[in-house]
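First the structure, in the form of structure tokens, and then the observations on it.
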Protein chains: 2
Amino acid sequence: MKQFHEYRNPALAIDLVVFGYHENMLSVLLLNRNEEPFKNGWTLPGAFLQMEERFLEACGRILKTKLGIGRLFLEQLYSFDEPDRDPRGRVISVTYFALVNPGKFEIAAGKMANDASWHDVKKMPELGFDHKDIFRKALERLRSKILYFPVGFELLDDMFTMTELHELYECILDISIDRRNFRRKILDSEYIVDTGLKREGLRNRHPSLYKFNKKLKQNNFHLNVS
Amino acid sequence: MKQFHEYRNPALAIDLVVFGYHENMLSVLLLNRNEEPFKNGWTLPGAFLQMEERFLEACGRILKTKLGIGRLFLEQLYSFDEPDRDPRGRVISVTYFALVNPGKFEIAAGKMANDASWHDVKKMPELGFDHKDIFRKALERLRSKILYFPVGFELLDDMFTMTELHELYECILDISIDRRNFRRKILDSEYIVDTGLKREGLRNRHPSLYKFNKKLKQNNFHLNVS
DNA sequence: CATGTTTGCGTTATTATGACGCAAAGTAAT
DNA sequence: ATTACTTTGCGTCATAATAACGCAAACATG
């Protein structure tokens, strides 16, 4: 019987699918690689897991070099095991997906990050490794998650109009949803609450501003779409 | 910059939560360890991932020594990263959960398996490593999955009565569900179809036998319970 | 001020759900 | 076989949720 740690182990990477939303467009953070393999190709941000590091610490380390620090939603997505997913050798990838409001972050200016940029999910370039599979799974997860868990506000400012939330849902799900039924459903669920404030218009003030209801009982929210 | 594979990597294990259902009892396959750590304690079946192996191959390897071979449902559950989850050193665990019909399998007789047995999920012993967390997550996943995806039949014989399916749901969810509403919901969804056969009784024949509808459009099925 | 758009609040028809009635079929005991 | 009890299959009905859409006040634009 072999002793512990005599086994050769596959390498272990963490890869991230970072979603951002801005101006009615859902986008993903991609890196333009400056080294082989896939030099000059696009990939998801990632890194090898350090010996003492937890998954979320690795996520933080990856994000810090690419984005400023701030609050963000992170959730484990899936672990990928295709033996040939990395041409350099066997690498298992544990993936996370993140939701950020690009307005609250900035793509960091360091030399490690001058290659990072947002890409419309509807116009994705070819991706290196098996990152297309990872991206597809992340988008699928986001689309199903948003139906039964209030994650939409993670992508918006602290205060937002009903129309902005509505458009976010239509954009992510890529369907049209009746504005009035959406409004009723969202308000009935107590997903968000009215702040009492109004957004400033040019001459006067117009739509009500809402914010996420932190006291929401989690499973009060379920959106059906057909 | 370090070269590839010069990094020391955490070890990578695959652990399984195998659910079985028999006689109105949901149970999990556990191993009584015959070596340290946790010698004589209970753990989930698992193994270290081999260098060239895929996750599902490792699952098959683990199961083959414990159970006879047969059709079974396997789905990736989650990856666990607590640095101290294994006292021998850093081990990442990629976990899967499985659904089997214990009637179709037998706990294998080999020396590697004389320590395997089924345990009622309601009377679980202490588990070694972080396997309690893994088990909890698996049960949670099974309970939510069964509401929107027809996995119940994986735990039953090829043909089963409506009452058997109903009792399975009540057992897994640990709630009581109105028999007549359950029946209507399940039949409306086309989750299962009537085989036209009847189960043999002592003097006569009694309840209709149903089987899983393989032509089911996936998202036709959603069970609400309150 | 005239015109078109956005926002907030309704109504209505249809469908889904929860609670439960009831009788035919099946079982067990005499 | 007769009786008493249980299981199964099917149905009803009140209530809740949903989809489709009307409408007017608030707002924006020229």
Side-chain angles (χ1 to χ4, degrees), chain A residues 23-24 146-148 150 152 156-157 159-171 173 175-211 213 217 219-226, chain B residues 23-24 146-148 150 152 156-157 159-171 173 175-211 213 217 219-226:
Chain A
E23 309 252 322
N24 231 22
I146 207 175
L147 295 178
Y148 64 88
L156 298 173
D157 292 336
M159 290 194 284
F160 45 85
T161 66
M162 186 61 77
T163 304
E164 285 163 355
L165 188 65
H166 176 232
E167 285 175 343
L168 171 69
Y169 272 74
E170 291 195 324
C171 176
L173 296 170
I175 56 173
S176 83
I177 303 170
D178 184 274
R179 178 180 63 83
R180 292 148 295 186
N181 291 337
F182 177 82
R183 174 189 186 75
R184 176 165 42 90
K185 185 83 192 220
I186 292 288
L187 288 177
D188 283 357
S189 76
E190 299 174 56
Y191 175 166
I192 58 177
V193 292
D194 196 325
T195 62
L197 302 173
K198 304 269 181 178
R199 170 151 297 167
E200 305 229 347
L202 287 182
R203 293 197 303 179
N204 213 316
R205 311 164 145 266
H206 198 203
S208 295
L209 288 169
Y210 299 87
K211 63 179 180 186
N213 177 7
K217 321 146 218 28
N219 44 8
N220 204 23
F221 177 62
H222 193 288
L223 186 68
N224 277 329
V225 289
S226 47
Chain B
E23 308 252 324
N24 232 21
I146 207 176
L147 296 178
Y148 64 88
L156 298 174
D157 293 335
M159 291 194 284
F160 45 85
T161 66
M162 187 62 77
T163 304
E164 285 164 354
L165 188 65
H166 175 232
E167 285 175 344
L168 172 69
Y169 272 74
E170 290 196 324
C171 176
L173 296 170
I175 57 172
S176 82
I177 304 171
D178 184 274
R179 179 179 62 82
R180 293 147 296 185
N181 291 337
F182 177 81
R183 175 188 186 74
R184 181 184 47 189
K185 187 82 191 222
I186 291 289
L187 289 177
D188 282 356
S189 76
E190 299 174 57
Y191 174 165
I192 58 175
V193 291
D194 197 323
T195 61
L197 302 173
K198 303 269 181 178
R199 169 152 298 167
E200 306 229 348
L202 287 182
R203 294 199 302 181
N204 213 318
R205 310 166 145 263
H206 198 202
S208 294
L209 288 170
Y210 299 87
K211 63 179 180 187
N213 177 6
K217 321 149 220 22
N219 45 7
N220 204 22
F221 176 64
H222 193 288
L223 186 70
N224 277 330
V225 289
S226 48

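Sequence lines set the chain letters: A, B, ... in the order given, protein chains first and strands last, and positions in each chain run from 1. None of the values given here were measured: they were computed from a predicted structure.
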Whole-Å gap separating [atom2] ([N]) and [atom1] ([X]):
X	N	atom1	atom2	result
A/Leu187	D/dA17	CG	P	15 Å
A/Leu165	C/dT6	CG	C1'	16 Å
B/Phe182	C/dG18	CZ	P	13 Å
B/His222	C/dA16	NE2	P	14 Å
B/Ile186	C/dA16	CD1	C1'	15 Å
B/Asp188	C/dG18	CG	C1'	14 Å
A/Phe160	C/dT7	CZ	P	14 Å
B/Ile177	C/dA16	CD1	P	19 Å

With sugar-phosphate meaning primed atoms plus P, OP1 and OP2, does B/Ser208 contact a base, only sugar-phosphate, or nothing at under 4.0 Å between heavy atoms?
-> sugar-phosphate
Taking only side-chain nitrogens and oxygens of [X], does any of them come within less than 4.0 Å of OP1 or OP2 of [N]?
X	N	result
B/Thr163	D/dT8	yes
A/Asn181	D/dT18	no
A/Lys185	D/dT18	yes

Give the minimum heavy-atom separation between B/Phe182 and B/Leu223, together with the two atoms involved.
-> CE1-CD2, 4.2 Å
Between B/Asp194 and B/Gly196, the two heavy atoms sitting closest are OD1-N, 2.7 Å
With under 30° as parallel and over 60° as perpendicular, where do the rings of B/Tyr169 and B/Tyr191 fit, or are they tilted in between?
-> perpendicular
Please check this pair: side chain of [X] against backbone of [Y], looking for a donor-acceptor N/O pair closer than 3.5 Å.
X	Y	answer
B/Asp157	B/Met159	no
B/Lys185	B/Phe221	no
B/Thr195	B/Lys211	no
B/His166	B/Ile177	yes

Between protein and nucleic acid, restricted to nucleotides 21-23 of chain C and to nitrogen or oxygen atoms under 3.5 Å apart, what atom pairs and distances do you find?
residue : atom : partner  : partner atom : Å
C/dG21  : N7   : B/Arg180 : NH1          : 2.8
C/dG21  : O6   : B/Arg180 : NH1          : 3.1

On DNA chain C, nearest-nucleotide positions of A/Arg183 versus B/Asp178: which is more 5'?
-> A/Arg183
Answer with yes or no whether B/Arg184 presents, from its side chain, a donor or acceptor under 3.5 Å of a partner atom in the base of D/dG9.
-> no
